[in-house]
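Per chain, numbering begins at 1; letters A, B, ... match sequence-line order.
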Amino acid sequence: MAEAYNVQEIEAAWQRRWLDEGTYEVDNDDPRPPFYCLSMYPYPSGEAHMGHVRNYTLGDVVVRHRTMHGYAVLSPMGWDSFGLPAENAAIKTGIHPREYTDARIAELKASVRRLGAAFDWRREIESHDPLYMRWNQWLFLRLLEAGLAYRATAPVNWCPGCQTVLANEQVLPDGTCERSGDVVTKRDLEQWLFKTTDYAQELLEDLDALDWPERVKTIQRNWIGRSEGAEFDLPVADPHGQPRGDRLVIRVFTTRPDTSFGMTYAVVAPEHPIVTELVTDEQREAVDAFVARVRSETEIERLSTEGALEKRGVFTGSYAVNPFNGRPVPVYLADYVLMGYGTGAIMAVPGEDQRDWDFAKAYGLEIIRTVEPPEGWEGEAYTGDGPAINSEWLDGLSKNDAVERAMAWLEEQGIGERKVNFRLRDWLVSRQRFWGCPIPVVYCPEHGIVPVPDDQLPVLLPDDVEFRPTGESPLKFHTGFLNTQCPRCGGPATRETDTMDGFVESSWYFFRYTDARNEQAAFDSDVVAHWLPVDQYIGGIEQDILHLMYARFFTKALADLGIGPKEVREPFGRLFNHGVVRLGGRRMSKSRGNIARPADLFESHGADALRLYHLFMAPPGDEVDWTSGGIVGTSRFLHRLWRLADPASELAASAVERTTTDADAELERATHRLIARVSDEYERWSYNTAVAAFMEFTNGIYKYVQGESGGSAETLGFAVDTLLLLMAPMTPHVCAELWERRHGTHVHEQPWPQADPALVAEATVTMVVQVDGKLRDRIEVNSSIDDATAGELALASPKVRAILGDRHPAKVVARPPRLVNIVT
RNA sequence: GCGCCCGUAGCUUAAGAGGACUAAAGCUCCGGACUUAAAAUCCGGCAGAUGCGGGUUCGAGUCCCGUCGGGCGUUCCA
């Protein structure tokens with residue numbers, strides 16, 4: 001008697017077996033070739049949502065698929081467990097963030113396990129684990145020693161809602177906090193930073209060799225923002241061009257030194273320290289008012305192009321000499337020039353820069369074109385190529401030549417030099433929060449900043465803390481934490497109360513996974529070298545600027561510091577971005593009962609059906625609007641599979657031993673075609689089409705079995721076994737169960753099936769013969785037929801002859817073996 | 001504003017380097033079987049001049065141009 005497909009029972013049993021048998025535990029000395037498959041470790045938010053399901057399903061498909069190809073697949077999992085939600089919960093409820101976090105981890109871990117994803121849990125990492133914190137702090141100290149971590153006062157992005165400083169990347173383009181949505185303001189604070197800018201050039205260059213989506217590489221390139229140009233000095237002068245006695249100069253950066261003759265004014269950023277020296281007595285009041293206003297503005301207001309241009313700048317009263325022609329030009333302050341980029345000052349060339357053009361128009365400043373615009377040019381500033389004009393010794397030169405000449409001239413004169421600028425800034429890692437990894441330094445009145453000695457690590461977060469409704473970090477008021485001794489002199493000292501940005505922990509967790517239980521070191525460099533770079537990294541695109549850039553920086557820095565293997569300079573060889581699972585749209589609603597809770601669907605249809613539905617509903621890279629409706633389709637399909645493959649089922653029992661028929665041969669060929677097709681689709685991440693192929697193939701098997709001659713045990717067995725093998729990475733439980741019932745072995749330990757090329761290619765095919773594009777005949781031909789033979793056969797066809805009559809073919813288009821078109 | 005991507009049944013996706021066959025699959029919907037009935041399941045069916053207009057070609061969902069609609073990225077970085 002056939003057993004029912006008991007989804008819950010089967011899935012629970014196999015999940016237990018995979019854990020108990022350590023099926024996906026992989027040792028570092030495994031003799032099989034290594035393959036590191038990594039899914040981004042999640043922030044533990046509690047119960048899994050559909051985004052998690054999608055991410056970890058994709059990762060699991062890769063893990064099981066590569067395993068069946070004979071690799072030792074490293075598939076670790078862990079938790080990015082520091083972060084604001086836990087702290088916010090603590091502020092609200094008084095529960096310690098550790099307690100809160102541990103509970104959320106337990107929930108998410110349970111749902112990830114319920115999904116049936118194969119992980120080596122021996123390597124599990126939690127960011128807030130004291131052992132992980134210890135090595136995280138240890139790495140911080142190495143960066144500090146190397147000068148890659150430093151402290152500086154800087155105007156920083158301050159989020160009033162989160163009560164903390166944000167990295168530039170955490171501020172949205174509209175000037176609000178990516179977390180809380182509050183408007184971000186500027187504040188001057190002492191902060192810890194990492195010198196990511198030291199690696200700007202390498203971070204840019206090494207992108208080329210990475211097998212990443214072009215889109216992501218472009219985002220990274222833009223973020224690094226390399227631009228080549230020149231820096232030079234403008235002597236500050238009186239209105240007549242007489243340089244000041246103090247030889248004050250304004251250093252400017254430009255990418256267009258070729259346009260220098262068109263400079264009609266200069267602009268200095270309002271925050272520039274030189275401002276106080278530039279401003280004249282008559283202008284002081286206006287300048288002070290302007291600077292005060294800019295400083296009080298939010299990023300939104302400042303970056304807005306809405307404001308009246310007339311109010312966005314002010315004349316300083318000073319002049320600067322254009323070194324190219326000795327002309328004095330007025331010096332302005334304007335909010336469109338930023339202190340953080342280049343030198344914080346520019347030469348303004350309205351003829352070739354639209355921002356300068358707009359400003360010049362608003363302030364009645366002169367505009368001199370120095371590049372001849374094309375005929376009929378009706379635009380304003382012209383930034384394209386063209387012969388130089390109004391530029392003395394540059395006249396007539398093309399843009400590139402003129403740039404080159406101007407830079408050479410600056411260098412000859414000794415007033416400037418070539419300069420490469422990056423948009424990338426150093427990484428601000430200080431956070432004024434409690435629930436993060438403490439920065440392991442103390443402040444001693446005698447010795448200043450003193451690192452905590454390695455043997456005193458980790459600096460742990462205290463348990464007995466009170467969270468204030470203001471959101472301020474309790475560390476600032478916790479005397480037990482705060483008061484310590486200077487490691488150098490033993491005198492009283494205070495601890496740093498800032499904690500690290502969570503991106504620090506996520507910048508090396510993939511190193512730690514390879515050697516997760518090491519107590520003597522952050523990791524063993526040789527072990528890291530065995531596994532890294534990650535062969536396949538999987539995650540959402542929302543992390544692509546921040547996390548990927550920082551992880552790349554860390555990898556390079558660790559290599560240079562001799563901590564990581566020196567040949568591993570990039571962490572992630574291949575990257576795949578799955579699309580976001582949206583929960584928007586009317587279709588999702590609680591009242592309709594179709595809210596996307598994976599737990600409900602595990603319960604109603606099982607993990608395999610949910611996984612298969614995720615894989616089927618869209619290409620993995622596409623965004624999807626989640627609807628639960630379709631899961632019944634994949635669930636139904638798995639039941640169909642069960643009835644076909646369970647050896648005790650009626651269908652399987654109906655197969656007989658008999659001599660082979662045409663139907664058998666056809667199914668066998670279809671099976672080989674399926675192997676060829678699906679194998680390729682796995683490589684291309686075209687899982688949705690692979691699922692469609694499984695469905696079509698299964699429909700074909702049903703037709704075959706129910707056909708006249710019934711099913712041959714041998715042919716049917718081969719077809720079904722193949723189907724189970726090919727589906728095993730996607731729906732591991734049901735395939736494992738069916739395979740075991742059929743063969744008593746583990747499906748995931750079987751080698752991947754190989755297609756027989758001779759059977760994939762059909763021996764004979766139906767060639768279509770058209771006359772003037774209309775179908776007139778079909779001829780069975782050998783699949784290797786050549787052009788001439790195909791044409792002859794077509795012309796010889798009686799049907800074609802009848803149609804042609806006495807007309808003569810003007811042209812015979814032969815596309816063997818599929819088609820011949822006779823054109824009259 | 002600039003750049004990139006996408007418009008195929010009611011919905012979500014397919015259609016190997018342009019080629020005919022009924023442009024596939026699942027969901028939805030309809031019918032039948034089973035059932036006291038329903039659900040589930042099984043069997044079957046409806047459904048599409050591939051956004052619109054032009055072009056290239058013997059032949060276009062596939063290539064080119066235009067247009068409309070939708071999406072994503074970027075936008076003071078000198």
Side-chain angles (χ1 to χ4, degrees), chain A residues 4-5 173 214-216 218-219 222-227 229-231 252-257 259 266-267 269 302-305 312 334-349 352-356 358-359 383 421-425 541 579-580 587 612-613 615-619 621-637 639-640 643 676-677 680-681 684 686-699 702 706 766-778 809-815 818-824:
Chain A
Y5 171 25
E214 252 339 286
R215 199 168 37 127
V216 177
T218 303
I219 293 171
N222 290 342
W223 194 262
I224 296 167
R226 182 183 202 272
S227 63
E231 247 182 50
V252 297
F253 173 72
T254 181
T255 55
R256 295 293 304 276
T259 64
V267 186
R302 176 142 182 200
L303 292 177
S304 162
T305 45
R312 305 194 61 187
D335 61 2
Y336 78 88
V337 172
L338 310 172
M339 193 56 224
Y341 185 78
T343 60
I346 61 159
M347 65 166 192
V349 190
E352 282 79 35
D353 184 296
Q354 189 60 39
R355 293 159 299 178
D356 295 346
D358 293 338
F359 192 84
T383 56
N421 255 314
F422 293 93
R423 185 176 176 264
L424 182 75
R425 312 291 161 80
I541 194 161
V580 179
R587 280 165 281 171
L612 196 62
Y613 180 48
L615 293 166
F616 182 46
M617 70 180 182
D622 281 12
E623 253 186 41
V624 291
D625 233 329
W626 174 263
T627 52
S628 306
I631 194 174
V632 303
T634 51
S635 174
R636 205 175 283 162
F637 169 67
H639 280 88
R640 272 164 76 74
R643 288 194 302 275
R677 170 180 167 177
D680 180 54
E681 284 167 334
R684 293 176 13 235
S686 188
Y687 300 126
N688 57 323
T689 59
V691 177
F694 295 146
M695 290 174 169
E696 286 173 47
F697 184 69
T698 302
N699 288 344
Y702 269 83
Q706 293 161 352
T766 309
M767 184 175 79
V768 167
V769 182
Q770 299 176 325
V771 177
D772 292 328
K774 279 198 172 141
L775 175 65
R776 295 302 184 187
D777 197 10
R778 303 152 194 261
K811 194 170 170 186
V812 177
V813 183
R815 286 288 175 275
R818 295 277 174 199
L819 176 140
V820 173
N821 187 11
I822 297 161
V823 185
T824 59

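Within 4.0 Å of A/S227, counting heavy atoms only, lie sugar-phosphate atoms of the nucleic acid but no base atom. Among the protein residues, A/N699 comes within range of the sugar-phosphate backbone only, with heavy atoms under 4.0 Å from sugar or phosphate atoms but none that close to a base. Among the heavy atoms of the strands lying under 4.0 Å from A/N821 is at least one base atom, whether or not backbone atoms are also near. Contacts of A/R677 with the nucleic acid, taken as non-hydrogen atoms under 4.0 Å apart, are absent.
Across all their heavy atoms, A/G344 and A/V337 have their closest contact at O-CG1, 3.6 Å. Residues A/F637 and A/M695 approach most closely at CE1-CA, 3.7 Å, considering heavy atoms. Here the closest non-hydrogen pair linking A/M347 and A/T259 is CE-OG1, 3.8 Å.
Looking at the side chain of A/R643, the nearest of the listed nucleotides B/A25, B/C42, B/A78 is B/C42. Counting only heavy atoms from C-beta on, A/R425 has its side chain closest to B/C77 among B/C77, B/U41, B/A78. For A/R640, counting side-chain heavy atoms from C-beta on, the closest listed nucleotide (B/C43, B/A14, B/C77) is B/C43. When the nucleotides B/G26, B/A78, B/C27 are ranked by their closest atom to the side chain of A/F616, B/G26 comes out on top.
Here the P atom of nucleotide B/G26 and the CD atom of A/E696 are 8 Å apart, to the nearest Å. Between A/Y702 atom OH and B/A25 atom P there is a gap of 16 Å when expressed in whole angstrom units. Distance, A/E681 CD to B/A15 C1': 11 Å, rounded to whole Å. The nearest whole Å value for the distance from the CE atom in A/M617 to the P atom in B/A14 is 13 Å. Computed from coordinates, the A/R684 CZ to B/U13 P distance equals 17 Å when rounded to whole Å. Atom CD1 in A/I224 sits about 15 Å away from atom P in B/U74, given to the nearest Å. Rounding to whole angstrom units, CD1 of residue A/I631 and P of B/A25 are separated by 22 Å. The nearest whole Å value for the distance from the CZ atom in A/R226 to the C1' atom in B/A78 is 16 Å.
Contact of the A/S635 side chain with the A/Y5 side chain is not registered, since no non-hydrogen atoms from C-beta on lie closer than 4.5 Å. For the pair A/V820/A/V812, a side-chain contact is recorded, criterion being any heavy-atom separation below 4.5 Å from C-beta on.
For the C1' atom pair drawn from B/C64 and B/G70, the interatomic distance equals 23 Å after rounding to whole Å. Atom name P, nucleotides B/G26 and B/G71: the rounded distance is 31 Å, in whole Å. Separation of the C1' atoms belonging to B/A9 and B/A23 is 11 Å when rounded to the nearest angstrom. Separating the P atom of B/G61 from that of B/A20 is a span of 9 Å, rounded to the nearest Å. Spacing between B/U36 and B/G44 at atom C1', rounded to whole Å, works out to 25 Å. Of the P atoms belonging to B/U62 and B/G54, the separation is 14 Å, rounded to the nearest Å. Going from the P atom of B/C27 to that of B/A39 covers 16 Å, rounded to whole Å. Spacing between B/C65 and B/C5 at atom P, rounded to whole Å, works out to 11 Å.
B/G73 is paired with B/C2 under the criterion used here, namely a Watson-Crick or G-U wobble arrangement in which both key atom distances are under 3.5 Å. A 3.5 Å limit on both hydrogen-bonding distances identifies B/G32 as the Watson-Crick or G-U partner of B/C42. When Watson-Crick and G-U wobble pairs are counted only if both distances are under 3.5 Å, B/G66 pairs with B/C52. In this structure, B/A14 forms no base pair with any nucleotide, since neither Watson-Crick nor G-U wobble geometry is met with both distances under 3.5 Å. Base pairing of B/C58 is made with B/G19, judged by Watson-Crick or G-U wobble geometry with both donor-acceptor distances under 3.5 Å.
With its glycosidic angle within 90° of 0, B/A49 is assigned syn.
The closest donor-acceptor contact from the side chain of A/R425 to the backbone of A/R423 lies under 3.5 Å. Panel note: side chain A/R256, backbone A/V349; no donor-acceptor pair is recorded below 3.5 Å.
Distances shorter than 4.0 Å separate some side-chain N or O of A/R636 from OP1 or OP2 on B/U41. Neither OP1 nor OP2 of B/U12 sits under 4.0 Å from any side-chain N or O of A/N688. For B/U75, one of the phosphate oxygens OP1 or OP2 lies less than 4.0 angstrom from a side-chain nitrogen or oxygen of A/R423.
A/D356 and A/Y336 share a side-chain donor-acceptor pair at under 3.5 Å.
Residue-to-nucleotide proximity on RNA chain B shows that, of A/N421 and A/G633, the 5′-proximal contact is made by A/G633. If A/R256 and A/T634 are placed on RNA chain B by their nearest nucleotide, the residue sitting closer to the 5' end is A/T634.
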